[in-house]
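Predicted model only: the values in this text are computed from it and were never measured.
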Amino acid sequence: HMDVGRQITDAYEAWFRAQASEDELGQRHPRDAAMALLGLHHAYFEDWLQRGAEGSLNASLPIVLDMFFHGVCRAR
């Protein structure tokens, strides 16, 4: 059976293939983009678990997506 991480990565990759051009991915392979996004997502998930899994994990979604699509040190 496939583990959850691989299932999520596969879903992200399929989404990138369907929705993003090579230019939009910075000439990166959709699988690489998927793994990078999963890594960010997983870091926030682990932090949420360490803090007792209280509240909603959804609050981190805008942060994860902003860092992924614009970078940590994006120009403001």
Side-chain angles (χ1 to χ4, degrees):
H1 82 294
M2 292 174 44
D3 68 349
V4 174
R6 174 169 258 181
Q7 290 175 341
I8 294 170
T9 302
D10 289 348
Y12 286 166
E13 180 181 7
W15 186 84
F16 284 125
R17 285 185 184 281
Q19 301 297 324
S21 69
E22 284 184 10
D23 286 341
E24 289 173 315
L25 293 178
Q27 303 302 317
R28 289 178 178 80
H29 191 279
R31 186 78 177 178
D32 293 330
M35 289 188 296
L37 181 55
L38 180 61
L40 282 170
H41 179 210
H42 185 73
Y44 278 86
F45 177 71
E46 286 290 323
D47 181 64
W48 177 73
L49 288 177
Q50 293 290 325
R51 291 183 288 110
E54 292 183 17
S56 175
L57 186 57
N58 290 340
S60 66
L61 185 59
I63 298 165
V64 168
L65 293 175
D66 184 56
M67 283 195 292
F68 179 80
F69 286 111
H70 302 116
V72 172
C73 299
R74 68 184 170 141
R76 294 192 185 255

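The same ILVMFWY cluster, assembled from side-chain heavy atoms under 4.5 Å apart, contains both W15 and L61. Both L38 and V72 belong to a common hydrophobic cluster when Ile, Leu, Val, Met, Phe, Trp and Tyr are linked at side-chain heavy-atom distances under 4.5 angstrom. Cluster annotation: M67 is connected to L25 through the hydrophobic network of ILVMFWY side chains, with a link wherever side-chain heavy atoms come within less than 4.5 Å. Transitive grouping of hydrophobic side chains (ILVMFWY, heavy atoms separated by less than 4.5 Å) brings Y12 and L40 into a common cluster. Hydrophobic cluster membership differs between V64 and L49, with clusters built from Ile, Leu, Val, Met, Phe, Trp and Tyr side chains linked at under 4.5 angstrom.
The structure places NE2 of H42 at 9.5 Å from CD1 of I8, a figure rounded to the nearest 0.5 Å. The structure places CG of L57 at 10.5 Å from OH of Y44, a figure rounded to the nearest 0.5 Å. Atoms CZ and CD, on F16 and E22 in that order, are 14.0 Å from each other to the nearest 0.5 Å. Distance CD/E46 to CZ/R51: 12.0 Å, rounded to 0.5 Å. If you take CE on M35 and NE2 on H29, they are separated by 9.0 Å, rounding to the nearest 0.5 Å.
At least one side-chain heavy atom of L37 sits under 4.5 Å from a side-chain heavy atom of L65.
A pairwise comparison of heavy atoms in A33 and F68 identifies O-CE1, 3.4 Å as the closest pair. The heavy-atom pair separating P62 from N58 by the smallest distance is CD-O, 3.6 Å. The two atoms that bring T9 and A34 nearest to each other are O-CB, 3.6 Å, heavy atoms only.
Around atom CZ of R28, no more than 12 heavy atoms belonging to other residues, nucleotides or ligands sit under 6.0 Å away.
Using a 3.5 Å distance cut-off with no hydrogens or angles, the side chains of Q7 and D3 do not pair a donor with an acceptor.
Applying the side chain to side chain donor-acceptor pair (under 3.5 Å) criterion to R31, with sequence neighbours excluded, gives D10, E13.
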